[in-house]
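Scroll down for the structure; my scribbles are underneath it.
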Number of protein chains: 2
Amino acid sequence: MKHDIATYQLFFGSLANPNRLKIVNLLREQGELNVSQICELTTFEQTMVSHNLKRLETCGMVHKRSEGKHRFYSINKESIAPLMKLIDTHMHKYCEHVLSKENKNHCNK
Amino acid sequence: MKHDIATYQLFFGSLANPNRLKIVNLLREQGELNVSQICELTTFEQTMVSHNLKRLETCGMVHKRSEGKHRFYSINKESIAPLMKLIDTHMHKYCEHVLSKENKNHCNK
DNA sequence: ATAACATATGATGTTTTTATCACTTGATGA
DNA sequence: TCATCAAGTGATAAAAACATCATATGTTAT
């Protein structure tokens with residue numbers, strides 16, 4: 001397979017942003033949420049959430065479902081969920097030393 | 001497990017850069033290489049390569065081995081190699097639409 | 001048809017990230 | 001021990017990514 005650097009960059013860049021990361025982790029935990037719910041739970045502005053959800057959708061990280069006025073977003077379970085698990089494992093093994101102090105201590109599991 | 005957003009950001013940010021990505025893919029393909037060899041093969045400047053390798057090392061994506069004047073770097077096979085494979089699969093399924101035209105065509109496999 | 005609500009889009013000033021420059025450190029051999 | 005080669009470091013100007021603002025679109029209810 002041919003490595004398309006620009007696509008890798010788009011993919012990883014999508015997860016290299018703290019706000020998008022929070023949205024992704026929120027959807028991992030909460031399942032399907034609409035934009036307003038994401039705004040409430042994160043205290044982020046609506047426009048920012050929309051912009052970031054669009055980017056996540058472009059990369060196939062989340063799915064979108066319309067219902068009336070609402071747009072419901074959910075994590076791509078088939079692909080992103082297991083991927084994030086792999087990364088969690090990697091981070092535990094290799095990124096301990098860069099964990100911020102507060103989290104280092106009460107990191108149960 | 002506790003999600004440390006800053007660590008995720010560091011991790012993904014490391015792969016969200018085209019030059020680091022090229023270095024990572026080079027090490028995936030070529031195995032162990034020293035700094036000079038990476039410079040030659042990529043035509044990147046030495047200082048840039050050193051800076052970027054340091055970041056990759058911080059995240060546990062590459063290993064470093066000293067031999068005389070040289071520093072040999074290699075991909076973290078246990079963790080990053082399988083991770084990149086998962087991502088390759090994801091990109092093929094969900095990121096086709098964002099692939100640059102040139103690569104779309106002669107993307108065998 | 002119009003108001004109200006939910007979400008999306010485009011433009012832009014600001015912040016963050018990056019490559020490069022000048023320099024340092026460390027190792028080998030003369 | 002001095003010169004040379006290999007690699008690393010810190011500062012900074014330039015480039016890229018970002019949040020926000022103003023506005024647009026689409027949907028439901030009145």
Side-chain angles (χ1 to χ4, degrees), chain A residues 5-27 30 32-74 97-98 100, chain B residues 5-27 30 32-74 97-98 100:
Chain A
I5 294 298
T7 310
Y8 280 119
Q9 198 188 348
L10 187 78
F11 180 88
F12 289 115
S14 297
L15 295 172
N17 172 283
N19 296 336
R20 281 194 292 271
L21 234 15
K22 275 174 200 153
I23 294 172
V24 164
N25 277 334
L26 189 66
L27 292 173
Q30 306 278 325
E32 203 184 42
L33 295 170
N34 66 39
V35 179
S36 309
Q37 292 174 314
I38 294 172
C39 291
E40 277 174 37
L41 290 165
T42 55
T43 72
F44 292 160
E45 291 221 352
Q46 180 266 314
T47 45
M48 195 210 78
V49 171
S50 280
H51 276 298
N52 284 333
L53 282 170
K54 186 180 185 181
R55 166 110 189 222
L56 291 172
E57 200 198 358
T58 300
C59 298
M61 287 167 188
V62 300
H63 292 130
K64 187 184 191 174
R65 181 177 69 83
S66 291
E67 194 181 310
K69 297 193 262 192
H70 299 274
R71 304 288 176 269
F72 285 90
Y73 287 88
S74 57
H97 56 109
V98 291
S100 60
Chain B
I5 295 295
T7 310
Y8 279 119
Q9 198 187 349
L10 186 77
F11 179 88
F12 290 114
S14 297
L15 294 172
N17 171 284
N19 296 337
R20 279 193 293 271
L21 233 16
K22 276 174 201 155
I23 293 172
V24 165
N25 277 334
L26 189 66
L27 292 173
Q30 306 280 323
E32 203 183 42
L33 294 172
N34 66 39
V35 179
S36 309
Q37 291 174 316
I38 295 172
C39 291
E40 277 175 38
L41 290 165
T42 56
T43 70
F44 293 161
E45 291 221 352
Q46 181 265 316
T47 45
M48 195 208 79
V49 171
S50 279
H51 276 299
N52 285 332
L53 282 170
K54 186 181 186 181
R55 167 110 188 222
L56 291 172
E57 199 197 358
T58 301
C59 297
M61 287 167 188
V62 300
H63 292 130
K64 186 184 191 172
R65 181 176 69 83
S66 290
E67 194 181 310
K69 296 192 262 191
H70 299 273
R71 304 289 175 269
F72 285 90
Y73 288 88
S74 57
H97 56 107
V98 291
S100 61

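Under the 4.5 Å side-chain criterion, counting only non-hydrogen atoms from C-beta, B/L27 is not in contact with B/L56. Using a 4.5 Å cut-off on side-chain heavy atoms (C-beta onward), A/I5 and B/N25 make contact. The shortest side-chain heavy-atom distance between A/I38 and A/F44 does not fall under the 4.5 Å cut-off.
Contact annotation: B/R55 does not reach the phosphate of C/dT17 (side-chain N/O to OP1 or OP2, under 4.0 Å). Put simply, A/K69 has no side-chain N or O that comes within less than 4.0 Å of OP1 or OP2 on C/dT7. A sub-4.0 Å separation between OP1 or OP2 of C/dT18 and a side-chain N or O of B/R20 is present. Note on A/Y73: every side-chain N or O is 4.0 Å or more away from OP1 and OP2 of C/dA6. Dashed line: the shortest gap from a side-chain N or O of B/N52 to OP1 or OP2 of C/dA19 is under 4.0 Å. A sub-4.0 Å separation between OP1 or OP2 of C/dA6 and a side-chain N or O of A/N34 is absent.
Set against C/dA19, C/dT20, D/dA7, the side chain of B/Q46 has D/dA7 as its closest nucleotide. Nearest nucleotide to the A/R71 side chain, out of C/dG10, C/dT20, D/dG26: D/dG26. Across C/dT17, D/dT20, D/dA7, the shortest atom-to-atom separation from the side chain of B/Q9 is found for C/dT17. Comparing C/dC21, D/dG8, C/dT28 against the side chain of B/S50 picks out D/dG8 as the nearest. In the set C/dA8, D/dG8, C/dT20, the nucleotide with an atom closest to the side chain of A/K64 is C/dA8.
If you take CG of A/L33 and C1' of C/dT7, they are 15 Å apart, rounded to a whole angstrom. Taking atom CG on B/N17 and atom C1' on D/dA15, their separation rounds to 12 Å, with Å as the unit. Across the protein-nucleic acid pair, B/H51 atom NE2 and C/dT24 atom C1' stand 12 Å apart, rounded to whole Å. Taking atom CG on A/L10 and atom P on D/dA16, their separation rounds to 15 Å, with Å as the unit. Here the C1' atom of nucleotide D/dA17 and the CE atom of A/M48 are 13 Å apart, to the nearest Å. Put simply, CD on B/E45 is 12 Å from C1' on C/dA22, counting in whole angstrom units. Rounded to whole Å, atom P of D/dG8 lies 16 Å from atom CZ of B/F44. The nearest whole Å value for the distance from the CG atom in B/L15 to the P atom in D/dA17 is 15 Å.
Applying the salt bridge (charged side-chain N to carboxylate O under 4.0 Å, His left out) rule to pairs touching residues 33-60 of chain B yields nothing, sequence neighbours excluded.
Mapped onto DNA chain D by nearest heavy atom, A/G68 and A/T47 fall at different nucleotides, with A/T47 at the one closer to the 5' end. With the nearest nucleotide of DNA chain D identified for both B/V35 and B/A16, B/V35 has the one nearer the 5' end.
Ring geometry, B/Y8 versus B/F12: the interplanar angle falls under 30°, so the pair is classed parallel (tilted spans 30 to 60°).
With respect to B/E67, the salt bridge (Lys or Arg N to Asp or Glu O under 4.0 Å) criterion is satisfied by exactly one of B/R65, B/K69, B/R71: B/R65.
In terms of heavy atoms, A/S14 sits closest to A/C59 at OG-SG, 3.0 Å.
For A/H70 and C/dT7, the ring-to-base geometry does not satisfy the stacking test (centroid distance below 5.5 Å, interplanar angle below 30°).
One end of the helix from C/dA1-D/dT30 to C/dA30-D/dT1 points its axis 20° away from the other end's axis, with each axis taken from 5 pairs and the angle rounded to 10°.
Atom NZ of A/K22 sits about 11.5 Å away from atom CG of A/N52, to the nearest 0.5 Å.
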